[in-house]
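Chain letters run A, B, ... following the sequence lines, proteins first, then strands; residues in each count from 1. FYI, side chains are in, hydrogens and waters are out, and symmetry mates aren't considered; it's all heavy atoms of this structure.
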Number of protein chains: 2
Amino acid sequence: MEAITIKDIAKALNLSTSTVSRALRNSYEINPETKKLVLEYAEKTNYHPNPIALSLKENRSKAIGVIVPEIANNFFSQAINGIEAVAYNRGYHVVIFQSHESCERERSNIQHLVGRKVDGVLISLSGETTDVSHLQEIQNKGVPLVIFDRISNKIEANEVIADNFQGAFQATEHLILSGRKKIAHITSPSLLYTTKERLEGYKAALEKHGIPFDEDLVHYCGFAPEEARQVIFELLDKQKPDAIFTASDRLALDSFAAVKAKGINIPEQVAFIGFTNLQVAHLLDPPLSTVVQPAFEIGRTAAEMLLNTIENKQSITAVKTIKIPTEVNLRTSSN
Amino acid sequence: MEAITIKDIAKALNLSTSTVSRALRNSYEINPETKKLVLEYAEKTNYHPNPIALSLKENRSKAIGVIVPEIANNFFSQAINGIEAVAYNRGYHVVIFQSHESCERERSNIQHLVGRKVDGVLISLSGETTDVSHLQEIQNKGVPLVIFDRISNKIEANEVIADNFQGAFQATEHLILSGRKKIAHITSPSLLYTTKERLEGYKAALEKHGIPFDEDLVHYCGFAPEEARQVIFELLDKQKPDAIFTASDRLALDSFAAVKAKGINIPEQVAFIGFTNLQVAHLLDPPLSTVVQPAFEIGRTAAEMLLNTIENKQSITAVKTIKIPTEVNLRTSSN
DNA sequence: AGCTCTTTTGGTAACGTTCCCGACAACGAT
DNA sequence: ATCGTTGTCGGGAACGTTACCAAAAGAGCT
């Protein structure tokens with residue numbers, strides 16, 4: 001039950017492999033009758049060209065690679081759906097890998113993808129990644145690359161991001177306008193690009209409304225499961241904020257749960273707003289205000305950018321960054 | 001900036017390709033000095049063997065393929081994490097594909113995977129898949145295969161599933177014991193294996209407690225976004241159930257939202273329990289009772305099974321089905 | 001000296017495909 | 001009749017790697 005090859009067809013029809021090859025590609029220099037013969041035989045025997053042999057010869061694969069930290073994260077799975085939507089329409093397969101927030105895994109994934117000659121790579125950096133030499137390397141090799149959401153300023157590449165500053169600014173300003181003064185910000189590791197942008201938005205809103213920035217109200221959380229809980233507990237005991245603004249899907253949930261576990265009323269005692277793509281936000285108790293990133297559209301845009309550079313509709317040298325607006329959904333949790 | 005090959009090394013060191021190849025594989029029949037020379041040069045030039053060439057030659061790839069309907073579904077992303085955990089430890093890459101509940105996409109993904117010579121395939125069937133000839137085909141070709149969660153009785157293969165019957169039975173019985181009599185069951189398309197099993201569990205619980213089975217209380221929902229909402233609205237108007245038991249992640253959420261949108265109190269007017277792996281169940285309003293599938297463990301078990309057959313620690317012919325217990329988490333929504 | 005036996009290396013085919021080059025008719029034009 | 005042209009086809013190399021079969025040289029033996 002081995003797969004049939006071009007050689008098998010050639011032998012069966014008493015032709016040469018080159019003739020068969022050309023017949024299958026519908027070359028003009030093949031006799032229509034021969035062509036028909038070959039095509040019919042191929043159809044009958046369920047012939048499929050061996051993509052590996054093709055990749056070896058042509059150094060391409062009609063597939064693009066996607067590396068995200070964690071598909072269980074709503075933002076990323078939605079972004080992937082955006083990516084698949086355009087890739088599929090344009091005839092590309094999408095190969096999905098997770099870095100699990102590990103730089104080593106990320107490097108290994110990159111290795112695997114370029115080794116297998118994907119035509120391009122879409123990546124959102126792991127929370128551990130500071131050194132981006134692996135990206136620089138594939139870029140030097142000429143592999144088209146687009147970084148989305150979690151980008152890095154250590155490398156010049158095509159990028160697609162949400163307007164994190166705007167989202168954070170709006171969220172914070174909303175909390176201020178609803179009368180809150182001690183607004184805590186629970187956020188991701190400080191080296192992430194998104195972390196910085198959101199922090200800036202947060203600061204800018206404070207400044208605009210004359211509220212002094214208090215370092216003790218900002219807490220960076222790693223990816224350990226219990227970390228956010230601890231941080232929130234401590235925060236509620238010591239700084240006693242009257243509002244909490246969290247970055248990231250994961251932190252929003254963990255923090256939300258922690259505040260409730262402490263028996264603190266939302267929004268009466270503490271207002272809450274999260275930077276998250278949770279689809280159940282409106283079903284929570286109380287319904288959670290969110291800053292939503294246009295995940296699907298980010299994925300779509302990034303994939304379009306990548307495919308355009310792959311197909312040379314877009315020059316590789318002129319890198320650019322596309323910023324997509326975020327959306328604020330106000331619900332009960334923030335008044 | 002092209003990748004370096006064995007030929008390049010051979011030329012540079014004035015050796016034959018076969019010698020270089022053997023030196024790199026640390027063959028015993030190579031002079032230690034030559035070996036050292038080659039290894040050092042390879043290290044220096046950052047040589048990596050071309051996996052495509054290897055696959056072409058050896059018909060394998062040290063990668064396994066996973067096909068799931070939708071990674072945005074918690075159950076599947078958790079299962080994938082289980083799969084990756086064992087695959088990574090055993091030196092395999094995991095290539096993830098989504099069928100988006102489309103049989104055609106599923107077939108295309110299968111094609112791509114076997115074409116690219118993955119060493120085995122893990123799959124959970126799309127909601128549309130009735131004809132499993134594509135699976136039969138790859139099984140005939142000798143590609144190791146494990147089906148998990150959404151299995152099919154039209155093909156004999158290694159399978160890993162949750163104990164859907166038990167979960168549904170327990171959920172239904174719990175609703176009965178808490179005094180409910182008109183228990184609706186909102187479930188997935190009837191052709192899915194999980195649908196049938198859960199329905200059987202539901203029926204069995206009814207029967208045990210002498211409640212007649214009412215066909216009108218069972219509703220099958222497709223994958224359209226608004227479908228569950230419509231079904232719930234109609235159900236609440238006509239049959240007026242005093243409890244709802246839903247299958248699947250998606251249906252639990254959509255139904256839950258629909259009931260709330262109708263202004264019906266949970267659990268006072270209608271008790272609610274869902275078959276779901278939602279991580280936020282305890283944060284909902286009211287906290288949602290759930291039957292939880294051991295997603296991670298299902299993935300882990302399936303991957304182990306697959307890798308064992310790949311590495312011939314397990315015979316291909318003796319197929320078996322592993323069933324893993326579900327867990328019931330009772331919360332406010334069901335009293 | 002002639003023989004076999006190791007040790008170490010090289011050459012080549014093969015995996016499946018495409019592409020370049022050339023071969024060989026048949027044909028019309030000079 | 002000779003010459004280019006056109007239409008069809010086959011042969012071979014190449015992509016990067018490994019496996020098999022030789023081959024050469026030296027060592028040790030009778």
ask   = Nearest nucleotide by nearest heavy atom, which residue falls closer to the 5' end of DNA chain C, B/Thr17 or A/Ala53?
value = B/Thr17
query = Side-chain N or O of B/Tyr28 less than 4.0 angstrom from OP1 or OP2 on C/dT6?
reply = no
inquiry  = Nearest to the A/Ile30 side chain among D/dC15, D/dC9, C/dG10, which nucleotide is it?
reply    = D/dC9
ask   = Considering all heavy atoms of both residues, which atom of B/Pro294 and which atom of B/Ala162 are nearest to each other, and what is their separation?
value = CD-CB, 4.3 Å
note = Checking D/dC9, D/dT17, C/dG16 against the side chain of B/Pro49 (C-beta onward), the nearest is D/dT17
inquiry  = When you measure from the side-chain N and O atoms of B/Arg25 to the phosphate of D/dT18, is any distance below 4.0 Å, counting only OP1 and OP2?
reply    = yes
query = A/Ile6 has a side chain; which of C/dT17, C/dG10, D/dT17 sits nearest to it?
reply = C/dT17
ask   = In whole angstroms, how far is the C1' atom of C/dC20 from the CD atom of A/Glu58?
value = 15 Å
message = By nearest heavy atom, map B/Ser18 and B/Asn59 onto DNA chain C; which one lands nearer the 5' end?
response = B/Ser18
A/Asn50 side chain, from C-beta outward: closest of C/dG16, D/dT8, D/dG11 = C/dG16
task = Taking only the side-chain heavy atoms of B/Leu54 (C-beta and beyond), determine which of C/dG11, D/dT18, C/dT17 contains the nearest atom.
result = D/dT18
ask   = Does A/Ser21 put a side-chain nitrogen or oxygen below 4.0 Å from OP1 or OP2 of C/dT18?
value = yes
key: N/O (side chain, B/Thr19) to phosphate O (OP1/OP2, C/dT9) under 4.0 Å   = no
query = Is a side-chain N or O of A/Asn81 found less than 3.5 angstrom from the main chain of A/Phe296, in a donor-acceptor match?
reply = no
request  = Could you tell me if the ring centre of A/Phe97 sits under 6.0 Å from that of B/His93?
outcome  = yes
ask   = Does A/Lys7 place a side-chain N or O at less than 4.0 Å from the phosphate oxygens OP1/OP2 of C/dC15?
value = yes
note = Among the nucleotides D/dT17, D/dC9, C/dG16, whichever has the atom closest to the side chain of B/Leu56 is C/dG16
key: Selection from C/dT8, D/dT17, D/dG11 that lies nearest to any side-chain heavy atom of B/Pro32   = C/dT8
message = Taking B/Ile6's backbone N and O only, do any of them form a donor-acceptor pair with B/Thr17's side chain (distance below 3.5 Å, no angle check)?
response = no
message = Given C/dT9, C/dT17, D/dG16, identify the nucleotide with an atom nearest to the side chain of B/Glu29.
response = C/dT9
message = Using a 3.5 Å distance criterion without hydrogens, assess whether the side chain of B/Ser124 forms a donor-acceptor pair with backbone atoms of B/Asp149.
response = no
